[in-house]
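Every heavy atom of this structure was used, including side-chain atoms; hydrogens, water molecules and symmetry mates were not. Start at 1 and go down the list; that is how both ligands and their atoms are numbered. Because the structure is a prediction, the values reported are computed rather than measured.
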Amino acid sequence: MLGPMRLGAFDLVVAGAGIVGLAHAAEGLRRGLRVAVVERDAFARGASVRNFGHGCVTGQAGEALGYAKVARERWLELGRLAGFYAEPTGTVVAARSAEELAVLREFAAAGVAPVEVLDADGVRARVPVRAKALVGGAFLPWDVRVNPREAVGAIARWLAAEGVTFFWRTAALEAAPGVLRTARGELAAPAIVLATGHDLDRLYPEIAERAEVRRCVLQMLRVAAPLAPGGLAVERFGPGVLTGLSLLRYAGFADCPSLPALRARFEAERPDLLAVDMNLMFTQLPDGDLLIGDTHERAVTHHPFHDERVDDLLLAETADLLGVPVAELAVRERWRGCYATAPDREFLVESPLAGVRVVAVTTGIGMTTCHGLAAQVVADLCA
Ligand SMILES: Cc1cc2nc3c(=O)[nH]c(=O)nc-3n(C[C@H](O)[C@H](O)[C@H](O)COP(=O)(O)OP(=O)(O)OC[C@H]3O[C@@H](n4cnc5c(N)ncnc54)[C@H](O)[C@@H]3O)c2cc1C
């Protein structure tokens with residue numbers, strides 16, 4: 001009887017060619033290892049290409065902040081090496097209430113990260129926010145931006161050119177000691193990383209259940225930038241744009257004394273936004289289009305139906321933020337993204353077998369932190 005096909009022997013095998021998997025492959029390459037990547041699709045089409053491309057370094061705390069600082073440098077280096085848009089643009093947070101500005105002032109005073117508090121003109125000079133309610137904001141210079149549409153593909157091509165072996169359209173089925181079994185055969189390696197994103201429960205349901213991992217689905221849109229007159233006064237801008245809803249979300253702002261008052265204001269005035277767990281923000285693609293979003297819904301398995309009312313709410317809020325009529329926002333694309341989410345943890349790293357790591361970012365900060373997380377995991381696994 002024929003045994004399983006042997007696909008090769010490597011030092012490190014990674015399953016999943018999203019940004020978390022590729023970050024591990026890049027760390028292996030950096031250490032001079034023979035690396036292979038196994039991806040079930042013909043190209044990565046998961047969370048890593050559906051996001052804002054926002055490296056939200058400043059908003060992180062604890063372990064995530066440490067990873068984000070490493071990831072920032074790696075993104076800028078990879079952008080140069082692999083040839084994709086990766087820039088130290090910083091972020092602008094637009095404040096539309098006294099509470100939002102108070103949180104930003106408190107965060108600046110805490111001195112954890114560099115923060116430039118801005119008045120309304122300072123915000124308007126940097127990004128196309130023309131909201132009537134704008135009272136000021138802050139510039140966060142640590143943050144970076146990448147083009148999510150090109151970054152993952154460019155990194156994969158660069159890794160392949162540097163000697164990493166890719167097995168596309170090849171599903172990982174099972175890790176055994178020293179072997180990854182795939183739909184095409186076996187890869188031998190003393191170190192195996194399973195970075196299959198929100199589908200980690202397909203391979204390791206017990207790990208997913210123990211950590212209470214669920215799928216978080218987000219609605220996103222791409223709109224043509226509304227041009228002046230009556231549209232954007234700043235046509236090309238680098239920084240990602242966050243809002244007061246972002247301050248409620250990111251751990252870095254959690255200790256600001258005015259945060260409870262800000263939350264209470266949203267609860268009183270905009271329960272509709274909290275009901276869809278909106279993080280109103282946008283970034284710009286190199287062609288000028290805006291990536292706008294997002295909303296969050298958590299479940300193990302989601303119904304497949306797209307709620308247009310949620311898109312309408314996102315469009316209305318974005319139009320208000322930009323200070324343009326909704327009718328000026330021409331929608332070019334709509335999609336839903338999905339990432340792994342778990343209560344009380346931002347990262348899941350489990351070792352079901354010696355030499356095997358199951359790795360997932362379990363909140364929406366995988367672009368921000370991936371390279372720092374990977375550096376830690378590979379250093380531990382391949383020591
Ligand atoms: C709408 C949206 C907006 C976001 N915005 C941001 C942001 O601005 N900043 C930020 O830091 N983070 C953001 N995130 C989060 C970030 O995108 C994710 O944390 C990150 O992309 C997760 O990367 P990943 O490689 O784990 O997952 P994915 O990109 O989903 O990749 C997993 C890969 O594994 C493959 N795979 C699965 N199972 C198998 C198998 N059995 N065999 C082989 N391959 C397999 C899949 O095909 C896929 O290519 C956002 C996410 C979404 C959805």
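Applying the ring-ring contact (aromatic ring centres under 6.0 Å, His included) test to F52 and every residue at least two apart in sequence or in another chain returns nothing.
Among the atoms of V361, none of the N or O lies under 3.5 angstrom from an N or O of ligand 1. Distances between N or O atoms of H54 and those of ligand 1 include at least one value under 3.5 Å. Residue E39 has at least one N or O atom closer than 3.5 Å to an N or O atom of ligand 1. Looking at ligand 1, you'll find an N or O of T368 within less than 3.5 Å of one of its N or O atoms.
Not a single heavy atom of A15 sits under 4.0 Å from any atom of ligand 1.
Residues V49 and F43 fail the side-chain proximity criterion, which asks for heavy atoms closer than 4.5 Å. The side-chain heavy atoms of H371 and E73, taken from C-beta on, include no pair separated by under 4.5 Å. W335 places a side-chain heavy atom less than 4.5 Å from the side chain of R222. Side-chain contact between L248 and L259: present, with at least one pair of heavy atoms (C-beta onward) separated by less than 4.5 Å. A 4.5 Å side-chain heavy-atom check between L353 and I192 finds every atom pair outside the cut-off.
Of the heavy atoms in D41, only side-chain atoms (C-beta onward) come closer than 4.0 Å to ligand 1. The backbone and the side chain of S48 each have at least one atom closer than 4.0 Å to an atom of ligand 1 (non-hydrogen atoms only). Within the 4.0 Å heavy-atom criterion, neither part of A360 lies near ligand 1. Under 4.0 angstrom from ligand 1, the non-hydrogen atoms of A195 all belong to its backbone. With a 4.0 Å cut-off on non-hydrogen atoms, N51 touches ligand 1 through its backbone as well as its side chain.
Considering only non-hydrogen atoms, atom 30 (O) of ligand 1 lies nearest to A47 out of C338, A183, A47. Of the candidates Q60, E346, R40, it is R40 that places a heavy atom closest to atom 44 (N) of ligand 1.
Seen from the ring of F167, R184 does not count as a face-on cation partner, given the 6.0 Å and 45° thresholds.
Listed by first and then second residue, the side-chain hydrogen bond (donor to acceptor under 3.5 Å, both in side chains) pairs that reach into residues 145-158 are R149-E333, sequence neighbours excluded.
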